[in-house]
2 protein chains.
Amino acid sequence: MKWSDLDHDSCPVARAMSVVGDRWTLLILREAFLGTRRFDGFQDRLGITRHLLAERLKKLETLGLMHRVPYQERPLRHEYRLTSAGRAFGPVMLMLVDWATGNLPSDLPPPIRVVSHANGREVDPVVVDRTTGAPLTYETMRLRRT
Amino acid sequence: MKWSDLDHDSCPVARAMSVVGDRWTLLILREAFLGTRRFDGFQDRLGITRHLLAERLKKLETLGLMHRVPYQERPLRHEYRLTSAGRAFGPVMLMLVDWATGNLPSDLPPPIRVVSHANGREVDPVVVDRTTGAPLTYETMRLRRT
DNA sequence: CATAGTAAGTTCTGTTTTAGAACTCATAAG
DNA sequence: CTTATGAGTTCTAAAACAGAACTTACTATG
């Protein structure tokens, strides 16, 4: 399998790898969810090289997760915002944070929290089936080849 | 930031990158969820080089997502199985599949499905808060630095 | 007018990772 | 004694990444 062809593989996991499967992209998305919008903002926060940051932002734009919006003219400057496809990644990020917090322990407290927009309280996420409301875990579901 | 130090970063997203952030690891996990257990099984299915497969399996073992179990002696052979931390990754994988299916479209039908263990029907996953049952999306939650 | 600063990149050079293929080791089977 | 099997390891070459300096188009200050 060629890595560059992953973005049009028929398997959704393989296509997802074109997003989370290279260095920095997921961390850039985290910053975007935290509110960062500008090139230098991402660079300062992450310590990524400018070269790679430019490349990753271009890729996120191509994949349709972020888009460039001009915020001034003379000189023309753009900022990067999440598209609806990018915002739809939120629940994935949330579950990833929840899993990593519980299963890849650290002695340091996490520097981020996920809170409810309604009441400001920390959330306790769980995946359920939309119609039945039953929890979906390894034990209650199966991944199958079709 | 050094990439090799990511596995003991305080941010859970950064730690998660030590799992999903390098090539092949997420695809190896997909195969594990589909039931593959042996070295050559992973190699045949994925087309990954044997060298990298050995390295990735070693890393998944170190991180505690998979463990080696002997399945015969003379000659001694091991297979790789998901640990409980590995199985706990199931909901993340599920949300990732769901997101990629809806937001990274493909003209080919997906070669995998996620079905309910109870009734065999395809599931429609959604993330909710465990206590309130309210759906958690970009609009109803906020990621915050602490 | 000259100099410095800002924001968003691009261009270098050198190191690290990954790809692809061949090879090893222990044992079993024909 | 030759071939097969399963699980790796060892090569070399190609691709990706890191770190730093440079560019472009302005604006602000002395």
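This is a predicted model, so every value here is computed, not measured. Just so it is clear: chains get the letters A, B, ... in the order the sequence lines come, proteins before strands, and each one is counted from 1.
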Any side-chain N or O of [X] below 4.0 angstrom from OP1/OP2 of [N]?
X	N	result
B/Y80	D/dG6	no
A/W24	D/dA18	yes
A/K58	C/dA8	no
A/R56	D/dA16	no
A/Y71	C/dA8	yes

Any side-chain donor-acceptor pair under 3.5 Å between A/D22 and A/T25?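 The answer is yes; a qualifying pair exists.
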Find the distance [X]:[atom1] to [N]:[atom2] and express it as a whole number of Å.
X	N	atom1	atom2	answer
B/L53	C/dA19	CG	C1'	14 Å
A/Q43	C/dA7	CD	P	12 Å
B/L52	C/dT16	CG	C1'	13 Å
B/F42	D/dA7	CZ	P	10 Å
A/L57	C/dA7	CG	C1'	14 Å
B/K59	C/dT17	NZ	P	10 Å
A/D44	C/dA7	CG	C1'	11 Å
B/E55	C/dT17	CD	P	9 Å

Among C/dT18, C/dT10, D/dT9, the one nearest B/A54 by side-chain distance: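 Output: D/dT9.
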Ignoring the backbone of A/R68, work out which of D/dA18, C/dA19, C/dG9 is nearest its side chain.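 Among the listed nucleotides, the one closest to the side chain of A/R68 is C/dG9.
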Quick tally for nucleotides 20-30 of chain C: nucleotides whose base has a protein heavy atom under 4.0 Å get B, sugar-phosphate-only ones S, the rest -, giving B-B---BSS--
Locate the shortest heavy-atom distance separating A/S10 from B/P109; write the atom from each residue and the value.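 Of all heavy-atom pairs spanning A/S10 and B/P109, the closest is CB-O, 4.0 Å.
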Return yes if some donor-acceptor pair links the side-chain N/O of A/D129 with the main-chain N/O of B/D124 below 3.5 Å, else return no.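 Judged by distance alone, yes, a pair lies under 3.5 Å.
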Could you name each residue pair satisfying ring pair (Phe, Tyr, Trp, His ring centres under 6.0 Å) that touches residues 90-121 of chain A, not counting sequence neighbours?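 Output for this query lists A/W99-B/F89.
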Distance in Å, B/L57 CG paired with B/M66 CE, rounded so as to fall on 0.5 Å steps: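 Rounded to the nearest 0.5 Å, the CG-CE separation comes to 6.5 Å.
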Under a 4.0 Å threshold between the charged nitrogen and the carboxylate oxygen, would A/R145 count as salt-bridged to B/E31?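 The answer is yes: the pair qualifies as a salt bridge.
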Any B/L29 side-chain heavy atom under 4.5 Å of B/L60 side chain: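 Counting from C-beta outward, B/L29 and B/L60 do come under 4.5 Å.
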